[in-house]
Amino acid sequence: MLNIFNTLTRQKETFTPIKANHVRMYVCGMTVYDYCHLGHARVMVVFDMVARWLRASGYALTYVRNITDVDDKIIQRANENNESITVLTQRFIDAMDEDAMRLGVLRPDIEPRATTHIHAMIEMIGKLIEKGYAYCADNGDVFYAVRRFNGYGKLSGKSVDDLRAGERVEVDTFKNDPMDFVLWKSVKPNEPNWDSPWGPGRPGWHIECSAMSGQHLGAHFDIHGGGQDLQFPHHENEIAQSEATHGCQMANYWMHNGFVRVDDEKMSKSLGNFFTIRTVLEQYDAEVIRFFILRAHYRSPLNYSHQHLDDAKVALTRLYTALRGVTVTEHAVDWSHPQALRFKAAMDDDFNTAEAMAVLFDLANEANKDKSANTIALLKNLGAVLGLLQQDADAFMQGKGVGDDLDIQALIKARIEAKSAKNFAEADRIRAELTDVGILLEDTPQGTIWRKA
RNA sequence: GGCGCGAUAGCAAAGCGGUUAUGCCGUGGCCUGCAAAGCCAUUUAGGCCGGUUCGACUCCGGCUCGCGCCUCCA
């Protein structure tokens with residue numbers, strides 16, 4: 001039985017879907033005006049893992065992850081580049097898709113874009129005005145009246161009176177209350193805009209997720225996820241919008257993944273301490289990054305450093321070493337195996353991938369000892385549940401990069417000949433030559449094999 | 001100022017009121033021409049102060065330190 005830590009209640013709860021066998025999950029995705037960094041990688045990988053586990057658990061799943069393709073930063077960047085927001089956002093959507101693919105992130109079932117859901121947003125804003133939750137200000141903007149919604153603050157544990165609106169940022173003077181947030185922004189020069197009952201303009205950020213989740217998953221669905229930094233105000237505002245519009249609870253379970261940090265500080269655009277996925281991919285296999293992310297529990301902070309990625313690489317290599325030279329033909333997990341049960345218990349306990357990975361290492365140890373086909377298959381198949389270990393082991397361990405221009409096989413052959421002639425000095429010289437370029441040789445009963453350091 | 005989270009061995013990171021987490025690193029052994037890989041064994045823990053308990057890293061309280069949110073952010 002799956003248990004999920006629910007941000008709404010701040011405790012683990014047994015997961016019960018609304019429809020018995022069909023789970024609906026919405027995750028806040030990216031604002032596409034730049035390349036994704038490791039923080040974005042974490043959201044994608046974590047919820048990909050959640051989606052995979054829900055499906056492995058036998059649920060049908062509709063997984064929606066939105067794309068924010070219109071907002072202040074996108075408009076600003078497009079203007080700087082002297083291009084349309086459509087061209088800009090498509091370029092970064094393509095880049096995001098490529099990054100996600102390399103990280104083994106399966107495509108969500110639906111990836112709705114804000115710009116193709118303007119009508120649904122306008123409709124929702126209209127309902128909110130009708131119901132008295134929103135008002136049109138003198139400047140043409142439409143705002144949500146936060147104090148009209150009783151449950152405001154229930155997700156983030158904040159009280160409207162304790163919030164310090166305006167302390168760090170200037171308050172919009174057209175608002176009735178400093179806490180109110182914008183639903184519709186009236187058009188300004190050089191900005192894309194859409195017609196609406198309140199004049200031409202564009203949507204505020206929060207309304208898109210309420211409109212798109214409502215359209216694709218319904219007013220009431222199972223899981224809503226995203227990064228911890230979206231808990232307030234974004235998700236709080238989504239709840240205010242959706243629940244006021246539909247008069248029912250929006251999502252039963254709210255999940256938030258922890259930050260990626262650099263030197264114990266949150267990795268973020270504003271701090272400038274971010275590493276893009278593609279930068280890191282220049283040095284590390286994508287699977288190492290995925291492994292690094294899933295090695296920690298999704299709610300824990302995750303410190304990024306070269307040392308930690310190196311460590312992840314070595315650890316992952318240990319798993320692949322156990323899979324080297326074997327072919328797995330059976331792809332179904334044998335869930336009656338004690339280690340599989342342990343893995344399942346870990347995953348059912350709020351997606352404890354750290355513990356699940358400990359199972360993989362124990363299986364690797366068993367496999368190294370008994371070479372049993374069952375053990376090896378289980379290791380590979382449980383790895384698949386996490387989106388890991390699906391490369392050919394030699395392909396992973398031999399990688400690409402330094403030494404690719406060397407004729408490794410010829411050198412290995414020369415070394416074997418030297419060994420046969422008991423010319424160990426020459427054999428060792430050849431081995432050292434390869435070691436110097438990062439190629440390690442291993443003599444096994446099946447012959448000499450090699451891998452990258 | 002308000003609200004929240006965390007503190008585990010050299011590094012990373014989990015579970016657990018009493019019994020080996022796991023990976024890397026270190027040490028000893030087996031294996032090897034020597035290595036590597038692997039296997040076996042093994043050294044390093046639970047911020048500080050109290051409390052509950054037969055027994056606490058694990059529960060409760062306080063303190064210290066770190067981090068986050070209260071502004072756009074995954």
Side-chain angles (χ1 to χ4, degrees), chain A residues 7 10 27-31 36-47 65 68 71-73 153 156-171 179 181 205 225-234 236 256-261 264-271 274 291-292 295-297 299-303 305 307-319 321-322 324 342 345-346 349 352-362 364-365 367-369 371 397 419 422-425 427-428 431-432 435 440-445 448-451 453:
Chain A
T7 309
R10 250 136 288 193
V27 171
C28 288
M30 262 51 76
T31 300
C36 289
H37 60 62
L38 250 24
H40 302 118
R42 193 175 192 189
V43 189
M44 291 197 279
V45 168
V46 161
F47 286 100
R65 190 186 65 206
T68 299
D71 95 316
D72 291 358
K73 286 177 177 170
S156 55
K158 296 186 188 304
S159 135
V160 184
D161 295 318
D162 292 337
L163 290 166
R164 295 186 161 195
E167 170 139 321
R168 291 198 286 165
V169 154
E170 204 179 333
V171 173
M179 282 316 303
F181 60 91
W205 174 37
Q228 213 167 44
D229 42 4
L230 297 185
Q231 195 177 319
F232 189 91
H234 185 56
E236 198 70 61
H256 293 97
N257 66 272
F259 297 132
V260 175
R261 295 186 188 173
D264 288 319
E265 266 190 334
K266 175 186 170 184
M267 178 181 290
S268 72
K269 285 279 176 68
S270 42
L271 286 169
F274 61 90
F291 178 90
F292 166 69
R295 210 181 179 194
H297 184 90
R299 284 189 283 115
S300 302
L302 181 61
N303 261 309
S305 75
Q307 193 199 332
H308 296 159
L309 278 183
D310 286 340
D311 197 66
K313 180 186 173 184
V314 174
L316 182 56
T317 299
R318 176 170 164 80
L319 294 180
T321 300
R324 209 157 38 161
R342 205 180 131 212
D349 182 14
N352 191 342
T353 51
E355 174 68 19
M357 281 216 202
V359 174
L360 300 187
F361 283 100
D362 286 346
N365 178 255
N368 285 334
K369 278 187 281 193
K371 298 290 172 199
M397 294 173 72
K419 277 180 31 166
K422 301 275 186 227
N423 185 353
F424 295 121
D428 290 351
R431 185 169 63 195
T435 304
L440 307 180
L441 298 188
E442 294 174 23
D443 294 330
T444 76
T448 298
I449 56 176
W450 65 276
R451 66 188 171 93

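Below, read A as the first sequence line, B as the second, and so on, with proteins coming before strands; counting in each chain starts at 1. Predicted model only: the values in this text are computed from it and were never measured.
- B/A37 and B/C5: their P atoms are spaced 43 Å apart (whole Å).
- At whole-Å resolution of the value, NE2 in A/H234 and P in B/C70 are 14 Å apart.
- For A/R431 against B/A35, a side-chain-to-base donor-acceptor contact under 3.5 Å is present.
- Within the nucleic acid shown, A/F424 comes within 4.0 Å of at least one base atom, counting heavy atoms only.
- When the P atom is used for both B/G10 and B/G26, the distance is 15 Å, rounded to whole Å.
- Put simply, the side chain of A/K369 and the base of B/C39 share no donor and acceptor less than 3.5 Å apart.
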Next on the checklist: I'd like to compare against my own output: the B/S/- annotation of nucleotides 3-15 of chain B with a strict under-4.0 Å heavy-atom distance to protein.
Outcome noted: S-------SSSSS
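- One cannot find a donor-acceptor pair under 3.5 Å joining the base of B/C67 and the side-chain atoms of A/R261.
- Counting heavy atoms from C-beta on, the side chains of A/T435 and A/L440 come closer than 4.5 Å.
- Side-chain atoms of A/R451 and A/T321, non-hydrogen and from C-beta on, never get closer than 4.5 Å to each other.
- Of all heavy-atom pairs spanning A/L302 and A/A296, the tightest one is CD1-CB, 3.9 Å.
- Atom pair A/E236:CD and B/G2:C1' shows a separation of 15 Å (rounding to whole Å applied).
- Using a 4.0 Å heavy-atom criterion, one finds that A/M267 contacts the bases of the nucleic acid, with or without backbone contacts as well.
- For B/C69, the OP1/OP2 oxygens have a side-chain nitrogen or oxygen of A/K266 closer than 4.0 Å.
- Here B/A45 sits opposite no nucleotide as a Watson-Crick or G-U wobble pair (both hydrogen-bonding atom distances under 3.5 Å).
- Atom C1' of nucleotide B/C40 and atom CG of A/N368 are separated by 13 Å, given to the nearest angstrom.
- Summarising the base pairing, B/C57 is matched to no nucleotide, lacking a Watson-Crick or G-U wobble pair whose two defining distances lie under 3.5 Å.
- When both pairing distances are held under 3.5 Å, B/A37 makes no Watson-Crick or G-U pair with any nucleotide shown.
- Backbone-only contact: A/D264 has heavy atoms under 4.0 Å from sugar-phosphate atoms and none from a base.
- One finds a side-chain N or O of A/R318 lying less than 4.0 angstrom from the OP1 or OP2 phosphate oxygen of B/G23.
- B/U8 and B/U42 have their P atoms separated by 25 Å, with the value rounded to a whole Å.
- For the pair A/S300 and A/R42, the tightest heavy-atom approach, listed with the atom from each and the gap, is O-NH2, 2.6 Å.
- Using a 4.0 Å heavy-atom criterion, one finds that A/V260 contacts the bases of the nucleic acid, with or without backbone contacts as well.
- With rounding to the nearest 0.5 angstrom, the NE2 atom of A/H297 is 12.0 Å from the CD atom of A/E355.
- Nucleic acid contact class of A/A315 (heavy atoms, under 4.0 Å, all strands): sugar-phosphate only.
- The separation of B/C25 from B/G33, taken at their P atoms, amounts to 24 Å, rounded to a whole angstrom.
- Within 4.0 Å (heavy atoms only), A/G153 reaches no atom of the nucleic acid at all.
- Taking atom P in both B/A7 and B/C48, the straight-line distance is 13 Å, to the nearest Å.
- The shortest heavy-atom contact between A/K419 and A/F424 is O-CE2, 4.1 Å.
- For A/D310 and B/C25, a side-chain-to-base donor-acceptor distance below 3.5 Å is absent, hydrogens and geometry of angles not being considered.
- Nucleotide B/C69 is matched to B/G2 when pairs are restricted to Watson-Crick or G-U wobble geometry with both distances under 3.5 angstrom.
- Here B/C24 presents its C1' atom at 14 Å from CG of A/L309, a figure rounded to the nearest Å.
- Both A/L271 and A/S159 lie near RNA chain B, and the one whose nearest nucleotide falls closer to the 5' end is A/S159.
- Comparing the C1' positions of B/C54 and B/G38 gives an interatomic distance of 45 Å, to the nearest angstrom.
- Atom pair A/F361:CZ and B/C39:C1' shows a separation of 17 Å (rounding to whole Å applied).
- The interatomic distance linking A/L319 (CG) with B/G23 (C1') rounds to 9 Å, in whole Å.
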Item to check | A/K269 vs A/K73, side-chain contact (heavy atoms from CB on, under 4.5 Å): CA-CA, chis, key distance, verdict | outcome: CA-CA 12 Å; A/K269 285 279 176 68; A/K73 286 177 177 170; 5.5 Å; no
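- Straight-line distance between the C1' atoms of B/U64 and B/G47: roughly 8 Å, to the nearest whole Å.
- Here the straight-line distance linking atom CZ of A/F291 with atom CG of A/L309 works out to 11.0 Å at 0.5 Å rounding.
- Across B/A21, B/A35, B/C70, the shortest atom-to-atom separation from the side chain of A/R342 is found for B/A21.
- The interatomic distance linking A/M357 (CE) with B/C24 (C1') rounds to 15 Å, in whole Å.
- Comparing B/A74, B/G68, B/C39 by their nearest atom to the side chain of A/N365 picks out B/C39.
- What separates CZ of A/F291 from P of B/G23 is a distance of 10 Å, to the nearest Å.
- B/C63 and B/C3: their P atoms are spaced 14 Å apart (whole Å).
- Of the candidates B/C67, B/U22, B/A74, the closest approach to any side-chain atom of A/F259 belongs to B/A74.
- Residue contacts shown for A/L441 include a base, since a base heavy atom lies under 4.0 Å away.
- Checked for salt-bridge contact, A/D310 and A/K313 miss the test: no charged N lies under 4.0 Å from a carboxylate O.
- Between A/F232 and A/S156, the shortest heavy-atom distance links the atoms CD1-OG, 3.2 Å.
- If you check every strand for non-hydrogen atoms under 4.0 Å, A/D428 touches a base.
- B/U64 and B/A7 make up a base pair, with Watson-Crick or G-U wobble contacts both under 3.5 Å.
- Across every strand in view, B/U19 sits unpaired, with no contact that passes the Watson-Crick or G-U test at under 3.5 angstrom.
- Below 30°, between 30° and 60°, or above 60°: for A/H37 and A/F274 the angle between ring planes is between 30° and 60°, a tilted geometry.
- The A/T321 side chain lies nearest to B/G38 when the options are B/A74, B/G38, B/G33.
- Residue contacts for A/K73: at a heavy-atom cut-off of 4.0 Å it reaches a base atom on one of the strands shown.
- Toward the 5' end of RNA chain B, the nearer of the two residues A/K419 and A/S268, judged by each one's closest nucleotide, is A/K419.
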